[in-house]
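This report refers to the structure that appears directly beneath it.
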2 protein chains.
Amino acid sequence: MAAAAAAAANGAGGGGGVPRPTNPMVTPLLTDLYQFTMAYAYWKAGKHLDRAVFDLYFRKNPFGGEFTIFGGLEECIRFIANFKLTDTEITFLRSAMPTCEDGFFEYLSSIDCSDVEVYAIPEGSVVFPKVPLMIIEGPVAVIQLLETPFLSLVNYASLVTTNAARHRLVAGKSKNLLEFGLRRAQGPDGGISASRYCYMGGFDATSNVAAGRLFGIPIRGTHSHAFVSSFMGLDDIIDRTLASSDGSNKCEDFVSLVQNWLARIKDAGSLRGTFRETNLSELAAFTSYALAFPNSFLALVDTYDVMRSGVPNFCAVALALNDMGYKAAGIRLDSGDLAYLSVETRKFFRAIEEEFGFIGFGKMNITASNDLNEETIDALNKQGHEVDAFGIGTYLVTCYAQAALGCVFKLVEINKQPRIKLSEDVTKVSIPCKKRCYRLFGKEGYPLVDIMTGEDEPAPKVGERLLCRHPFNESKRAYVVPQHVEELLKCYWPGTTSEPREELPSINEIRSRCMGYLDRMRPDHMRRLNPTPYKVSVSAKLYDFIHFLWLNEAPVGELQ
Amino acid sequence: MAAAAAAAANGAGGGGGVPRPTNPMVTPLLTDLYQFTMAYAYWKAGKHLDRAVFDLYFRKNPFGGEFTIFGGLEECIRFIANFKLTDTEITFLRSAMPTCEDGFFEYLSSIDCSDVEVYAIPEGSVVFPKVPLMIIEGPVAVIQLLETPFLSLVNYASLVTTNAARHRLVAGKSKNLLEFGLRRAQGPDGGISASRYCYMGGFDATSNVAAGRLFGIPIRGTHSHAFVSSFMGLDDIIDRTLASSDGSNKCEDFVSLVQNWLARIKDAGSLRGTFRETNLSELAAFTSYALAFPNSFLALVDTYDVMRSGVPNFCAVALALNDMGYKAAGIRLDSGDLAYLSVETRKFFRAIEEEFGFIGFGKMNITASNDLNEETIDALNKQGHEVDAFGIGTYLVTCYAQAALGCVFKLVEINKQPRIKLSEDVTKVSIPCKKRCYRLFGKEGYPLVDIMTGEDEPAPKVGERLLCRHPFNESKRAYVVPQHVEELLKCYWPGTTSEPREELPSINEIRSRCMGYLDRMRPDHMRRLNPTPYKVSVSAKLYDFIHFLWLNEAPVGELQ
């Protein structure tokens, strides 16, 4: 059902059966103007068909970590599969570039991505700095037009997937992780993308209905504080009947049943004195919600006072529901000391289990929310807590700890001539040539090092010793005897070549792959504190070539 | 032209002539699931038509500042004007909430926002914590459905507008500010919204073509490093002819003209020895770009070496263009020490002016980019620089210094009964009641204080002494004699009332209004370092009422 709805919502596209980009605003105009002015200058110089190769890569892992998850590939492929400027878009460009010749706009009208090749690391892979996530080859004018949309589609997707994966790592596999960020995301698409990529990075569900529909992601939600405070008291509840779960009987006054249970809890031996009068508008709200959703009653318990009102009120309703054959789902805490409150709530639940012989009540689900992030979850872990599920919003979706990933798009070859971008900052020097990239695995099954080679070099072989060099640091090099070799980039858009095109997997396949990749990494690369950098290298031949080109291009300084 | 294109691109919508939301993904499903589950619980309890009033406000100004600019209102109004769940959306909701009764989905199909009222502060206004930016009144189930989309549309819009305004304040009015953030924005809509709201907050132009088309914002762009390195040398230039600006003559070999000028510059008295051989692929790229855009030649000069290659190459091309009657536009620096390089470049330009009697060359435009933000511009100002225009991307559009604004949406009244949300954190206690809000101005024309009153209290009067109280701090209060009073919220969506509906102004009107408001603020509220908080208050009557309700609702503690 979910997958069918997702397919229906997206609609079929034009190019080779690949649907259009999820966001209809992703069109060829979603780019920087300079891509069009350069296209004109290339066209004027007769260079627009020059065959160019660009690498899309980032220079530094985000969040102080040593890994990144690659996201956004499917949207890039959808974009190029459907790349075509419409007449109204051309009209706008004419007005924006009034001095350009007509022939140029005719050329623009004619272009698509049929002669573009895209090689990429599979979406959801663990990736590292400097290794191209995507290699894009084609006519230079066309490829430039792809730069900004590709970066826009990859940068945030990869950043937020990585952030989600980091939250999963700190929370542990047993916890439920819920993404609640739509209201604080950077715009509606920020919210929808966040839901998609957080799921890919290991979250279990989202609150975002539109994302649920578009991508088939599980959606979750119960009620807010406003729901609780919208009730004045128990008199607000008009229809008080509840049929039992199996339909065999009917409770005519569920409100009284709840009130009876509340009185029993208050008098129960070990609970006596833990609370006095609970808030009755809260009790009315919980009861109402339970009447609407008897099968999935989950209560937000912190509108008034968690331990003196919210939790006892919840338990009364849960016990009344139990009488009618329903199992309550649990509570949510959205403020206060989450470690302390979750522990106290757990004690209360266990006391209910013991007092009333209600097996399993002690294990009732506790969800926590309220400005959670990696640090706060880590702190909760250290303090000890009883939270089963985390609802995470702002810090997750806006990537508050680092709001941007700096992917770049660099020319590495034109008309088979290698190009290098120099910089006084060595980390900004680009690695020239169309390349091949491999991941080498060691004896224990962990990835050891990524290596880039020239396009025509032989692939690394299992069991054969290979020299891996740091691309810029002469002294850093190591011999590796790989036990397993994986070529990293696959062909996702073959252009006019005859290479088979990789299929775009479903979001659930990408998510499983991502979880699998994370599991395969050596733990010291993944830890939060002082993680070990994963090694990225070049072949000896590529190393020599980089440094030959570099010396060739760099001006000789003159001290004065 | 731009306005017409913008109107055409948006398309007319349904509700009262108000167009649909700019992003087609903004639909009633772009909300949290709990809004729908609560709607069902309200419906089940027969409470869904209860008349509720919600305030949308934030609690703290962003970026360590003491002001915020309100953005996103137009999109909220577009959203409600066109609010209607489609049959396919209802089908999806049925699948997501399988236990809900049919009657509920019939109700959902029937709802629109015709009985909703929206009062708001005009978009582009300077606003402060706790004062509602919007007051939304209507059937509680409907208003809840608006919560998440409104927050999603307002939070980022206001945040990035404020960020843009802060960049404008630090850069000063004389500088050109260009938004270059699309590639690093949080998703495509993040990019498009950023371009729109940065313009609103005081930027002059964007690189984002789609935003230019959608909103009629000026667009700017020239070329990238890849353009420069795509040239191998001067032989790449096939067509070397250039007609003069007035069409009176033609240069058959513009490349030679450039080369001649380069030789003359190298030999010019005061410039002799400042550079040796410049990079010829760079010279070829500049010459090509000038042949394509002789009227607007702007060169990125840092691909190889700014002072020894980029700037001399630019000057040679600019002088050659001048021979043909064209005026070059300037240079862009995208790396290195921008203060130093801009000063050195300016000296070089002045030397050209003197050596060749080229009046005005010394004032040639210098644009700087490369990870700029408020801090780096402030540092440049302190060091002294010669930059005329700043191109700002990542830090601006992702609001890197604070990636989210925490607007909330709180129930303040239901069926005419005031509601308060308590919290152990006083800053999180909500201010109950449907309110009116005023800005009071002092003798010097500056705003002095914002005051909230109950709906039925008389408006503050010019010349009449009024007690303004801090809403939560008993001891903070002050008498004010306003010289001018402005009611802050106006009616943007009258629902079934007969109030006239405020028009939605054009983006340029909002931008001018925003600049005007910023100019009217007392400078100490606006400064970067230790700004003075602007005062936000309540009337004596509202103060008393808040505290009466608070004591009524809060449980009495018990120390054990």
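We name chains A, B, ... by the order of the sequence lines, and we start the count at 1 in each one. Keep in mind that this is a model prediction, so the values were computed, not measured.
For a residue to count as touching a neighbouring chain, one of its non-hydrogen atoms must lie under 4.5 Å from one of that chain's; by this rule B/L33 touches chain A with backbone and side chain alike. The part of B/Q144 that comes within reach of chain A is its side chain, from C-beta onward, which places non-hydrogen atoms under 4.5 angstrom from that chain. Neither the backbone nor the side chain of A/E413 comes within contact range of chain B; no heavy atom of the residue lies under 4.5 Å from a heavy atom of that chain. Contact of A/L291 with chain B is made through the backbone alone, with heavy-atom distances under 4.5 Å. Only the backbone of B/R220 comes within less than 4.5 Å of a heavy atom of chain A; no side-chain atom from C-beta onward does. In this structure, the portion of A/C100 lying under 4.5 Å from any heavy atom of chain B is its side chain and not its backbone. Residue A/H223 touches chain B through both its backbone and its side chain, counting heavy-atom pairs closer than 4.5 Å. Within the 4.5 angstrom heavy-atom criterion, only side-chain atoms of A/L93, from C-beta onward, approach chain B. With a 4.5 angstrom heavy-atom cutoff, A/L182 touches chain B via backbone and side-chain atoms both. In this structure, chain A has a heavy atom under 4.5 Å from the backbone of B/A185, while its side chain stays farther away. Proximity to chain A (any heavy atom under 4.5 Å) is shown, for B/V154, by neither the backbone nor the side chain. The contact between A/Q402 and chain B is made by backbone and side chain atoms together, counting heavy-atom distances below 4.5 Å.
To the nearest 0.5 Å, atoms NZ (B/K410) and OG (A/S224) are separated by 7.5 Å. Put simply, OG1 on B/T148 and CZ on A/F180 are 11.0 Å apart, with the number rounded to the nearest 0.5 Å. Between atom NZ of residue A/K47 and atom CD1 of residue B/I237 there is a gap of 9.5 Å, rounded to the nearest 0.5 Å.
Under the rule for a side-chain contact (heavy atoms from CB on, under 4.5 Å), the partners of A/T394 that lie at least two apart in sequence or sit in another chain are A/R184, A/D371, A/T398, A/Y400, B/A404. With sequence neighbours excluded, the residues forming a side chain to side chain donor-acceptor pair (under 3.5 Å) with A/R183 are B/D32, B/Y34, B/E147, listed by chain and number.
Contact between B/P188 and A/D189 at its shortest, heavy atoms only, is CD-OD2, 2.8 Å. A/F231 approaches B/Y42 most closely through the heavy-atom pair CE1-CE2, 4.5 Å. In terms of heavy-atom proximity, B/T222 sits nearest to A/M38 at O-CG, 3.7 Å. A/V209 approaches B/L29 most closely through the heavy-atom pair CB-O, 3.3 Å. What you find for A/K428 and B/N370 is that their closest heavy atoms are NZ-OD1, 3.6 Å.
Note: B/G221 leads B/G221, B/G181, B/P218 in heavy-atom pairs under 4.5 Å with chain A. Interface summary for chain A: among B/W43, B/F227, B/F36, the most heavy-atom pairs under 4.5 angstrom belong to B/F227. Per-residue heavy-atom pair counts under 4.5 Å with chain B were compared for A/A194, A/S152, A/A41, A/G187, and the maximum is reached by A/S152. Chain B forms more heavy-atom pairs under 4.5 Å with one residue of A/N23, A/N155, A/N415, A/L151 than with any other, namely A/N23. Of the residues considered (B/P24, B/S229, B/C407), B/S229 shows the highest number of contacts with chain A, using heavy-atom pairs under 4.5 Å. Most heavy-atom pairs under 4.5 Å with chain A, from the set B/P28, B/A226, B/G46: that is B/A226. Among the candidates A/C399, A/S309, A/A292, the residue making the largest number of heavy-atom pairs closer than 4.5 Å to chain B is A/A292. When each of A/I219, A/I238, A/T31 is checked for heavy-atom pairs under 4.5 Å with chain B, A/T31 comes out on top. Between chain A and the residues B/A52, B/A211, B/G406, the most heavy-atom pairs under 4.5 angstrom are made by B/G406.
Residues B/F92 and A/L214 fail the side-chain proximity criterion, which asks for heavy atoms closer than 4.5 Å. For the pair B/H225/A/L411, no side-chain contact is recorded, criterion being any heavy-atom separation below 4.5 Å from C-beta on. The side-chain heavy atoms of B/I192 and A/M25, taken from C-beta on, include a pair separated by under 4.5 Å. B/Q186 has its side chain out of reach of A/V160: every pair of non-hydrogen atoms, C-beta onward, lies at least 4.5 Å apart. A/S230 is not listed as a side-chain neighbour of B/D50, based on a closest heavy-atom distance of 4.5 Å or more. Within the 4.5 Å cutoff, the side chain of B/R419 has heavy atoms near those of the A/S281 side chain.
Of the charged side-chain nitrogens involved, none lies within less than 4.0 Å of a carboxylate oxygen, so that B/D239 and A/K44 do not count as a salt-bridged pair.
Put simply, the side chain of B/Q417 never gets that close to the backbone of A/M232: no donor and acceptor are under 3.5 Å apart.
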